[in-house]
Amino acid sequence: THGSVANRHNNHPLFNESGILAHNGMVTPDKVETGAKGETDSEQILLHIQRFGWDGIKKIQGSLSIAYVDFVEVNTLYLYASGSPLVISHKRGMFLACSTHDILRRSTGFNGTPLRQGTVFGIREDKMSEVARVSPTRGWYREFSFYPAETTEFSQRDWEKLLRYY
C-alpha cells in the first residue's frame with residue numbers, strides 16, 4: 001500500500017459512495033482517475049471499475065486479485081484474479097476466498113480451488129456464476145510466475161525479475 005496508513009483512505013477495504021473493494025497485487029493504471037481520496041493503486045482499481053465497468057480492468061497493468069461489492073447490487077460479491085492468486089472454497093453454505101491454498105488450509109482446514117484467471121465471478125446467495133471475461137491488455141505481470149502459488153513469498157527468481165523493471 002502506498003501512502004500513510006494514518007490516512008484511512010489508504011487502508012483496506014477501500015470504499016466510496018458507490019462500492020467497496022479489497023485488492024491483492026500491484027497495478028498501474030494507464031491513466032490515473034481523479035476523485036481518489038487516498039494514494040493507493042487499489043483505489044485506482046475501484047475507480048476504474050466504477051467508471052468503465054469490468055472493461056476498466058483492461059486499462060490497468062499489473063497483477064491483481066480483488067473482492068468487490070457494488071452498492072447498487074449489495075447482494076453480490078464479485079471476485080476477479082489476473083496474474084495474482086485467488087483461491088475459493090464453498091463449505092457449509094458459505095464461500096471463502098483467500099490468496100493461497102496454504103493460507104486457506106491453515107486458517108480454516110478447507111481445501112480450495114484456484115479462481116479461473118481473467119474471469120469475473122459473481123457470488124449471490126449460495127450460487128457462483130461467471131459474469132465476464134476480462135484481461136488487462138498488456139503489462140509486466142505476464143512476466144511473473146505468481147500463479148498458482150502455495151506461498152505468499154516470492155522466489156529469488158521473481159525478485160530478480162521484479163528488480164529488472166525498476
Side-chain angles (χ1 to χ4, degrees), residues 1-15 19-28 38-46 49 54 57 60-70 73-136 139-166:
T1 299
H2 304 284
S4 169
V5 294
N7 178 349
R8 70 175 179 83
H9 298 291
N10 291 334
N11 301 306
H12 284 246
L14 300 171
F15 63 93
I20 187 167
L21 176 132
H23 161 241
N24 188 25
M26 186 169 52
V27 300
T28 303
E39 305 166 75
T40 66
D41 56 346
S42 303
E43 189 173 15
Q44 288 298 310
I45 297 168
L46 176 67
I49 291 170
W54 292 112
I57 291 171
I60 294 171
Q61 298 178 48
S63 66
L64 66 156
S65 57
I66 61 170
Y68 173 71
V69 175
D70 184 320
E73 296 184 45
V74 293
N75 293 327
T76 304
L77 170 66
Y78 296 97
L79 299 175
Y80 175 80
S82 182
S84 186
L86 188 59
V87 177
I88 57 168
S89 180
H90 183 234
K91 299 284 185 188
R92 300 182 190 141
M94 66 181 159
F95 283 91
L96 303 168
C98 205
S99 298
T100 67
H101 291 284
D102 186 50
I103 294 170
L104 184 64
R105 273 194 302 268
R106 285 188 300 168
S107 62
T108 67
F110 299 152
N111 288 317
T113 302
L115 194 71
R116 184 179 341 128
Q117 298 280 294
T119 304
V120 179
F121 290 94
I123 298 172
R124 187 179 182 107
E125 297 174 9
D126 199 26
K127 294 184 176 88
M128 182 169 145
S129 59
E130 184 177 312
V131 174
R133 290 193 184 189
V134 183
S135 292
W140 54 260
Y141 79 91
R142 296 180 195 280
E143 299 291 323
F144 292 89
S145 58
F146 295 140
Y147 188 81
E150 287 296 322
T151 179
T152 57
E153 295 183 23
F154 284 89
S155 70
Q156 181 63 36
R157 183 172 165 253
D158 288 330
W159 280 117
E160 289 168 3
K161 282 196 257 181
L162 180 62
L163 291 174
R164 274 189 244 139
Y165 285 91
Y166 293 97

Engineer: Closest approach of Phe95 and Ile123, non-hydrogen atoms and distance?
Structural biologist: CD1-CG2, 3.3 Å
Engineer: Testing the basics here: between Ala81 and Leu115, what is the closest heavy-atom pair and its distance to 0.1 Å?
Structural biologist: N-CD2, 4.0 Å
Engineer: Per the side-chain contact (heavy atoms from CB on, under 4.5 Å) rule, which among Leu86, Leu64, Val131 passes with Tyr80?
Structural biologist: Leu64
Engineer: So does Asn111 get a backbone contact from the side chain of Ser89, meaning a donor-acceptor N/O pair under 3.5 Å?
Structural biologist: yes
Engineer: How many angstroms lie between atom CE of Met128 and atom CD1 of Ile88, to the nearest 0.5 angstrom?
Structural biologist: 3.0 Å
Engineer: Can you list everything that forms a side chain to side chain donor-acceptor pair (under 3.5 Å) with Thr108? Sequence neighbours excluded, please.
Structural biologist: none
Engineer: Quick one: pull up CD in Gln61 and OG1 in Thr28 and give me the separation to the nearest 0.5 Å.
Structural biologist: 6.5 Å
Engineer: Dump the intermediate steps for side-chain contact (heavy atoms from CB on, under 4.5 Å) on Arg105 and Val87, then the final yes or no.
Structural biologist: CA-CA 11 Å; Arg105 273 194 302 268; Val87 177; over 6 Å; no
Engineer: Indicate yes or no for a side-chain donor-acceptor contact from Asp41 to the backbone of Val27 under 3.5 Å, with no hydrogens or angles considered.
Structural biologist: yes
Engineer: Looking at every non-hydrogen atom in both residues, tell me the closest pair between Ser84 and Gly25 and how far apart they are.
Structural biologist: OG-CA, 4.4 Å
Engineer: Looking at every heavy atom in both Ser42 and Leu21, which two are closest together, and how far apart are they?
Structural biologist: O-CD2, 3.6 Å
Engineer: List for me each residue that meets side-chain contact (heavy atoms from CB on, under 4.5 Å) alongside Glu125, sequence neighbours excluded, and say none if there are none.
Structural biologist: none
Engineer: Rounded at 0.5 Å granularity, tell me how far OG in Ser107 sits from CG in Leu96.
Structural biologist: 7.5 Å
Engineer: Report the residues that fulfil side-chain contact (heavy atoms from CB on, under 4.5 Å) with Arg92, sequence neighbours left out, ordered by chain and then residue number.
Structural biologist: Phe110
Engineer: Just jot down the ring pair (Phe, Tyr, Trp, His ring centres under 6.0 Å) partners of Phe121, sequence neighbours excluded, or say none.
Structural biologist: none
Engineer: What are the two closest heavy atoms between Cys98 and Ile103, and how far apart are they?
Structural biologist: SG-CG2, 3.1 Å
Engineer: Hey, what do you get for OH (Tyr78) to CD1 (Ile66), rounding to the nearest 0.5 Å?
Structural biologist: 11.0 Å
Engineer: Is any side-chain heavy atom of Ile49 less than 4.5 Å from a side-chain heavy atom of Trp54?
Structural biologist: yes
Engineer: Could you work out, with salt bridge (charged side-chain N to carboxylate O under 4.0 Å, His left out) as the rule, every residue matching Arg133, not counting sequence neighbours?
Structural biologist: Glu130
